[in-house]
Amino acid sequence: MTLQDGGWRRAWEGAGRRLRTEGAGWGRALADLILPPMAHDSREATAAAGLTPDAWSRIRFLEAPVCDGCGAAFDYDGGAFAEARCAACIAQPYAFERARAACLYDEASRGLILRYKHGDQQQFAPLFARWIGRASAELVEAADAVVPVPLHRLRLLSRRFNQAAEIARPLARSAGRDYLPDALVRTVHTASQGGKSRRGRRLNVKTAFVVTEAGRRRVRGRRILLIDDVLTTGATAEACARALLDAGARAVDLAVVARVRNAREIVM
């Protein structure tokens, strides 16, 4: 069990989880009959734990057509002869080859993601993994291994879990892909990206990520699917992708829960 994958926290929880798992099938069915599962975003009972219909209706899921390079939604479907990438990705491609986002990062999704990321509400992780699995199905299918964007150990201690790893693990498991939570590490405790320009964000994380020696052996020659929660300018994902490519990865794709409407519009 690894550090980025929450091993230090979950070790003592293992025995309790094993007890809960035994007989989970009939036990869950009985519990759901007596006490229906609650929505993650309210105290409203739902058919299966998830979002209430109102919250679900407000999430702006990103459907095709989207830019193959950054996952941004196109305003309209240009048909068979339309470019697969937006003008910005054609002019200045990211280091990662392709990207997909499950939904738009706006007022409706922001609160859910922040509750998950900073509110220690890990019940959102399987839900977000399903969203990403649907939005990036072709990327998951092409991937050899799944790697979460890592946190620096000091931030990991304060937050108590890596939000990207908690999403990446069930995604990799359901897809039958190798899960490499500690192949990539964050060696520099950078300042928050919030409030920085696009250029400032790139400089802030440019040398923050390193592939471990063990990680090099597991990423070399393979197509890696990088997982994160939100795509803003792409600076963090870009730095991670470059580290993985420098370590010998054949290619890197990116999948996130949400992305801003247009990352390229953030001030340079």
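- Taken from CZ in R115 to CZ in F124, the straight-line distance is 4.0 Å, to the nearest 0.5 Å.
- Using modelled atom types, no side-chain atom of R100 and backbone atom of V256 make a donor-acceptor pair closer than 3.5 Å.
- A donor-acceptor pair is defined here as one N or O able to donate and one able to accept, closer than 3.5 Å; such a pair exists between the side chain of N162 and the backbone of V149.
- Contact of the R250 side chain with the R220 side chain is not registered, since no non-hydrogen atoms from C-beta on lie closer than 4.5 Å.
- Cluster annotation: W131 is connected to V230 through the hydrophobic network of ILVMFWY side chains, with a link wherever side-chain heavy atoms come within less than 4.5 Å.
- Judged by distance alone, with hydrogens and angles left aside, the side-chain atoms of D228 form no donor-acceptor pair with the main-chain N or O of L231 at under 3.5 Å.
- Taking both residues in full, the closest heavy atoms of I132 and A102 are given as N-CB, 4.3 Å, listed atom of the first, atom of the second, then distance.
- Of the possible donor and acceptor atoms, none in the side chain of E238 sits under 3.5 Å from a partner among the backbone N and O of Y94.
- Rounding to the nearest 0.5 angstrom, the gap separating the CD1 atom in I113 from the CD atom in Q163 is 10.0 Å.
- Rounding to the nearest 0.5 angstrom, the gap separating the CD atom in E83 from the SG atom in C67 is 10.0 Å.
- Nearest heavy-atom pair across A95 and R242 is CB-CG, 3.6 Å.
- Counting only heavy atoms from C-beta outward, the side chains of C240 and F96 never approach each other to under 4.5 Å.
- If you chain together hydrophobic residues whose side chains sit under 4.5 Å apart, I227 and L114 fall into the same group.
- Under the side-chain contact (heavy atoms from CB on, under 4.5 Å) criterion, V140 pairs with S136, L171, A175, L225, sequence neighbours left out.
- The heavy-atom pair separating V260 from T232 by the smallest distance is CG2-O, 3.6 Å.
- Residues F209 and T187 have side chains not in contact (no heavy-atom distance under 4.5 Å, counting atoms from C-beta outward).
- Put simply, the side chain of S109 never gets that close to the backbone of I59: no donor and acceptor are under 3.5 Å apart.
- Cation-pi contact between R261 and Y105: absent, since separation from the ring centre below 6.0 Å together with deviation from the ring axis within 45° is not met.
- The shortest distance between side-chain heavy atoms of V185 and R153 does not fall below 4.5 Å.
- For the atom pair CG of L151 and CZ of R160, the computed distance is 14.0 Å after rounding to the nearest 0.5 Å.
- A distance of 6.0 Å separates CG in D253 from CD in E97, rounded to the nearest 0.5 Å.
- The number of heavy atoms from other shown groups lying within 6.0 Å of CZ (R110) is above 12.
- Of the possible donor and acceptor atoms, none in the side chain of R85 sits under 3.5 Å from a partner among the backbone N and O of A91.
- Residues I167 and V257 meet the side-chain proximity criterion, which asks for heavy atoms closer than 4.5 Å.
- Remark: R223 does not engage D144 in a salt bridge, criterion side-chain N to carboxylate O under 4.0 Å.
- Ion pairing between E166 and K117 fails under the 4.0 Å rule for side-chain N and carboxylate O.
- Residues A101 and A258 share a closest heavy-atom pair of CB-C, 4.1 Å.
- Residues D182 and T212 are not in side-chain contact: their nearest non-hydrogen atoms beyond the backbone lie 4.5 Å or more apart.
- L180 is not listed as a side-chain neighbour of V146, based on a closest heavy-atom distance of 4.5 Å or more.
- A distance of 7.5 Å separates CZ in R259 from CG in L62, rounded to the nearest 0.5 Å.
- Using a distance-only test at 3.5 Å, with no hydrogens or angles considered, no donor-acceptor pair links the side chain of R218 to the main chain of A214.
- In this view, A137 satisfies the side-chain contact (heavy atoms from CB on, under 4.5 Å) rule with no residue, not counting sequence neighbours.
- Looking only at distances, a side-chain donor or acceptor of R177 sits under 3.5 Å from a matching main-chain atom of E141.
- In this structure the side chain of R186 reaches within 4.5 angstrom of the side chain of P150, judged on heavy atoms.
- Shown here are the ring-ring contact (aromatic ring centres under 6.0 Å, His included) partners of Y116, two or more places apart in sequence or in another chain: F128, F161.
- Comment: R58 does not engage D106 in a salt bridge, judged by the lack of any side-chain N to carboxylate O separation of less than 4.0 angstrom.
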